[in-house]
Amino acid sequence: MQIYNTLSRKLETFESISPKHVGIYVCGPTVYGPPHLGHVRGPIVFDVLRKYLILQGYKVRFVRNITDVGHLVGDADEGEDKLAKQAKVEQLEPMEVAQAYTDAYNSVMDRMNVMKPSIEPRATGHIIEQIEMIQTIIEKGLAYEANGSVYFDVMAYNSHQHYGVLSGRVLEDLQAGAGNQSRSLEGQDEKRNPNDFALWKRASAEHIMQWSSPWGKGFPGWHIECSAMSARYLGEQFDIHGGGMDLLFPHHECEIAQSTAAHNHSPAKYWIHHNMITINGQKMAKSLGNGIMVEQLFSGDNPLLAQAYSPMTLRFFVLQAHYRGTLDFSNDALLAAQKGWSRMQTAFKLVDSLQTVKADASCNVEDIDLGIQESLNDDLNTPQVIAHLFELARRINVVNDGKDSITEATKLTIKSIIHDYCEGVLGMKAEDGADNSGLEDAMSILLELRGKAKTDKNWALSDQIRDALKDKGFEIKDGKEGTTWNKI
RNA sequence: GGUCGGAUGGCCGAGCGGCUAGGCACGGGUCUGCAAAACCCUUUACAGCGGUUCGAAUCCGCUUCCGACCUCCA
C-alpha cells in the first residue's frame, strides 16, 4: 500500500516495523464541548485505514487519547483553563464535564460505526509518565525550569536535531513572524527563546486542575501527553501517527522534538494528516460561530440543514472525498450523499435474490474487485472505491432486471466485495429500522386491502393508503412480482 | 510578514501528460393505472495569461482569487 507521509512529503510504500503488527496513534479530542462536524473526519479516516490493515492480516493496536487536561484558552480568555472555565459556567466538576463530553464523543463514534480504540488513554491518568518524560528531557539538557514551569529548549535541540522536520518550518522564519500575529502569552518572558514551548506549567491558585511535580504544583503542557502516552502503549517507535492538518504545527512538530529529545529517535515512521471540513470554504471553528454539532446533524436542528441526516450518511459523505483534500460541507452535498448511499444499499440488498446461470454469464466483476484494491492501495482513495461500488450496484441492477447474467461464483465474489470493502473497510453498514417485529403482519393486511382496491380499480383508495403510509415513513413500491415496502 | 495547500461542469468531488471517474440535480426514454424504484440514453468542465510537448485539467512561469498554520488554542 502506498501512503502519503507528511514527514517526507511523498507517497511511500507502507511497511510495518514488525511483521504483521501495526501500532497507530491518533490525537483524540479535547473534551470540553460537544462533538462537532470537524471532530468526525479524523476518526472515520483512520478507522478506514485501520480496517484496511486488519483486512490485510495485520494485527493493529489503535490508540486514541482523550485530552481531559484543560489547556489554556487563547487570547480572549485570559489564559484560564478550558475545562475549568466550562466547569464554572456549568457548575460542574471538571472531571464531570470531561466525562460527559467523552461519553458524547464516544456515542457519536459508535453510531458512525467507528471501531473503539484498542486503548483510549486519558491525559489525567498519565501525569506520572509525563513528568518522567519531562525529567528525562531536562537531564539531557534540552529543557529548563523557570519559575515553576518547564520549557523545551528549542535552540539547544535544534543545534543537533532539526526542529521543523515535519512542518517544514525554519526557526528563523518563526522568529521573524512571531512579532506579527502572535498573541501575548502568559510567561513569555520566562523563556530563553520565544520559540520554546511549555512542557509543564506552574498553576495559579485558581487553576482547578493541578498536580504536584518536582517543580511545584502545575499541569502538563499541551504536547507532552501524546508523546508520553504513545510511548507507553506503542513503544518509543511505532508505525503510524495520525491527526488533523491543523495539528501539524506546533503539536506534532513538538511531539517529534520531545520524543527525539527523550528517546534519541523520532517516534513515528509514518505521519498521516487528514484535511479539514469547511463550511462555505472556511474551517469550522467555535470562534467563527459556524460550527455544526454532530447531534444537530442527526436531528436536523440547525439553520444550515434542511433535514436530519443519518450517521451512515455522514460517514459516506466524508468518504466520498479524499482524506487529504478539504471537504466542503453543505446541505446539498449531504443530501447527495444520502441519496447515493440509499441507492447503493437498495442494489446491494438485491444480491441474495439474484438468479444465477451455470455458464456463459455476461456479467463479471473481477475488474471491480481489483479496482477497489488498487484504489485503496493508492493512498486510501476512498472516493474511487465508492465509484467502483456504484459500478457494482449498476451491474447488480442490470442482472436483477434480467438483462445480464452471472454465475454462482460471481455472485459470491459480489457478496465478498460488499462484505470486505463496503461493510468492512469503508465501514458502511446497512441502516434500516431493524425493529420490524409485528409490523410485517400489520403491513401485509394493509397491502392486501390496497391490492383489492387496485383490482377494483379504486385508485383513489389505493393511492390514499400509499400516501398515508409514506407520511408515516413507509414506502410502497409496486413491482412485477407484487408489492413491497420499506422504511424510508 | 513567513510557511504550506487549493482553484475541475448547476452542486459535491476523483483524476495529476494521451484512454477525458463517481454521486446528486437536469433533460429524453423503457416500465407503470398513476407514482416510486430500477435500467438505458443525453450533456466534454478543468481560474486567467504565457511557455514546454506530437499531445496539458495534468509539467514550468507569471497573474488573480481562496484557505490553513505561524508556540502553549483538536
Side-chain angles (χ1 to χ4, degrees), chain A residues 9 27-32 38-39 42 67 71-77 79 82 149 151-152 154 164 167-170 172-183 185-188 191 194-199 201 221-223 243-251 253-254 275-276 278 281-283 285-287 316-317 320-322 324-341 343-344 346-347 350 371 375 381-391 394 396-398 400-401 403 454 457 459 462-463 466-467 470 475-480 484 486:
Chain A
R9 311 247 163 201
C27 293
T30 301
V31 282
Y32 69 98
H39 287 126
T67 299
H71 293 298
L72 298 180
V73 177
D75 36 10
D77 296 296
K82 256 191 179 178
S149 294
Y151 296 98
F152 188 88
V154 172
S167 60
R169 274 162 218 274
V170 181
E172 290 73 49
D173 293 339
L174 286 170
Q175 283 164 322
N180 211 342
Q181 287 285 337
S182 84
R183 307 142 204 153
L185 298 162
E186 176 190 356
Q188 196 64 251
K191 297 181 184 176
N195 289 313
D196 293 351
F197 55 90
L199 297 174
K201 273 302 259 186
W222 174 30
H223 316 297
M245 281 185 183
D246 54 343
L247 297 181
L248 222 149
F249 190 90
H251 189 236
E253 193 69 65
C254 293
N275 217 136
M276 318 319 294
T278 58
Q282 274 198 311
K283 177 180 147 175
K286 229 177 181 177
S287 55
F316 198 74
F317 171 70
Q320 265 190 309
H322 184 82
R324 283 198 288 120
T326 54
L327 172 57
D328 204 37
F329 174 88
S330 68
N331 185 258
D332 286 349
L334 255 284
L335 191 62
Q338 184 192 52
K339 291 192 175 176
W341 166 232
R343 190 162 83 79
M344 189 182 284
T346 307
L350 255 29
S375 300
N381 197 327
T382 54
Q384 276 185 4
V385 173
I386 288 175
H388 285 124
L389 288 174
F390 272 114
E391 171 61 19
R394 212 205 95 238
I396 290 169
N397 286 325
V398 174
N400 187 242
D401 280 3
K403 290 173 188 159
K454 280 177 66 181
K457 296 199 188 296
W459 308 127
S462 70
D463 286 356
R466 183 174 59 195
D467 294 345
K470 193 169 183 182
E475 193 172 40
I476 305 301
K477 284 179 272 188
D478 293 331
K480 277 180 182 159
T484 58
N486 64 280

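Everything numeric in this text was worked out from a predicted model, so none of it was measured. Quick note on labels: first sequence line is chain A, next is B, and so on, each numbered from 1.
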Can you identify which nucleotide, out of [options], has its nearest atom closest to the [X] side chain?
{"X": "A:A336", "options": "B:rC24, B:rC39, B:rG13", "value": "B:rC24"}
{"X": "A:A387", "options": "B:rA21, B:rA14, B:rG33", "value": "B:rA21"}
{"X": "A:D401", "options": "B:rA38, B:rA35, B:rA74", "value": "B:rA38"}
{"X": "A:Q320", "options": "B:rC11, B:rA74, B:rG22", "value": "B:rG22"}
{"X": "A:F249", "options": "B:rA35, B:rC39, B:rC69", "value": "B:rC69"}
{"X": "A:M276", "options": "B:rC39, B:rA74, B:rA37", "value": "B:rA74"}

Please report the distance separating the [atom1] of [N] from the corresponding atom of [M], rounded so that it comes out in whole Å.
{"N": "B:rG10", "M": "B:rG18", "atom1": "C1'", "result": "29 Å"}
{"N": "B:rC12", "M": "B:rU63", "atom1": "C1'", "result": "28 Å"}
{"N": "B:rG13", "M": "B:rG2", "atom1": "C1'", "result": "32 Å"}
{"N": "B:rC66", "M": "B:rU53", "atom1": "P", "result": "35 Å"}
{"N": "B:rG15", "M": "B:rC59", "atom1": "P", "result": "12 Å"}
{"N": "B:rA38", "M": "B:rA74", "atom1": "C1'", "result": "44 Å"}
{"N": "B:rG9", "M": "B:rC4", "atom1": "C1'", "result": "29 Å"}
{"N": "B:rU52", "M": "B:rU64", "atom1": "C1'", "result": "23 Å"}

Just the rounded figure in Å: distance from [atom2] of [N] to [atom1] of [X].
{"X": "A:R324", "N": "B:rA7", "atom1": "CZ", "atom2": "P", "result": "13 Å"}
{"X": "A:N331", "N": "B:rC11", "atom1": "CG", "atom2": "P", "result": "16 Å"}
{"X": "A:R466", "N": "B:rU32", "atom1": "CZ", "atom2": "P", "result": "15 Å"}
{"X": "A:N275", "N": "B:rG6", "atom1": "CG", "atom2": "P", "result": "9 Å"}
{"X": "A:F329", "N": "B:rG13", "atom1": "CZ", "atom2": "P", "result": "12 Å"}
{"X": "A:K339", "N": "B:rC12", "atom1": "NZ", "atom2": "P", "result": "16 Å"}
{"X": "A:I386", "N": "B:rG15", "atom1": "CD1", "atom2": "C1'", "result": "16 Å"}
{"X": "A:H251", "N": "B:rA68", "atom1": "NE2", "atom2": "C1'", "result": "18 Å"}

What is the nucleic acid contact for [X], judged by heavy atoms within less than 4.0 Å: base, sugar-phosphate only, or nothing?
{"X": "A:P383", "result": "base"}
{"X": "A:S462", "result": "base"}
{"X": "A:A321", "result": "sugar-phosphate"}
{"X": "A:F390", "result": "sugar-phosphate"}
{"X": "A:L327", "result": "sugar-phosphate"}
{"X": "A:G28", "result": "sugar-phosphate"}

Distance, nearest 0.5 Å, that separates [atom1] of [X] from [atom2] of [Y]:
{"X": "A:F329", "Y": "A:F317", "atom1": "CZ", "atom2": "CZ", "answer": "6.5 Å"}
{"X": "A:S149", "Y": "A:D196", "atom1": "OG", "atom2": "CG", "answer": "12.0 Å"}
{"X": "A:N275", "Y": "A:D246", "atom1": "CG", "atom2": "CG", "answer": "9.0 Å"}
{"X": "A:T382", "Y": "A:Q384", "atom1": "OG1", "atom2": "CD", "answer": "9.5 Å"}

Presence of [X] side-chain N/O under 4.0 Å of [N] phosphate oxygens OP1/OP2:
{"X": "A:K454", "N": "B:rG33", "answer": "no"}
{"X": "A:N381", "N": "B:rG15", "answer": "yes"}
{"X": "A:R9", "N": "B:rC4", "answer": "no"}
{"X": "A:N397", "N": "B:rC39", "answer": "yes"}

Parallel, tilted or perpendicular, judged at 30° and 60°: which one describes the rings of A:H251 and A:H223? tilted
Residue whose nearest RNA chain B nucleotide is more 5′ - A:T326 or A:G38: A:T326
Between A:G244 and A:L335, which is nearer to the 5' end of RNA chain B once each is assigned its nearest nucleotide? A:L335
May I ask you to verify whether the side chain of [X] and the base of [N] hold a donor-acceptor pair under 3.5 Å?
{"X": "A:D246", "N": "B:rA68", "answer": "no"}
{"X": "A:D463", "N": "B:rG33", "answer": "yes"}
{"X": "A:R343", "N": "B:rA38", "answer": "no"}

Given 3.5 Å as the limit, does a donor-acceptor pair link the side chain of A:S330 with the main chain of A:A333, or not? yes
Determine whether [X] and [Y] make a side-chain contact, defined as any pair of heavy atoms from C-beta on separated by less than 4.5 Å.
{"X": "A:P383", "Y": "A:Q320", "value": "no"}
{"X": "A:Y32", "Y": "A:T67", "value": "no"}
{"X": "A:C254", "Y": "A:F249", "value": "no"}

Any strand is fair game: report the nucleotide pairing with [N] by Watson-Crick or G-U wobble, both distances under 3.5 Å, or none.
{"N": "B:rU30", "answer": "B:rA38"}
{"N": "B:rU43", "answer": "none"}
{"N": "B:rC24", "answer": "B:rG10"}
{"N": "B:rG1", "answer": "B:rC70"}
{"N": "B:rC59", "answer": "B:rG51"}

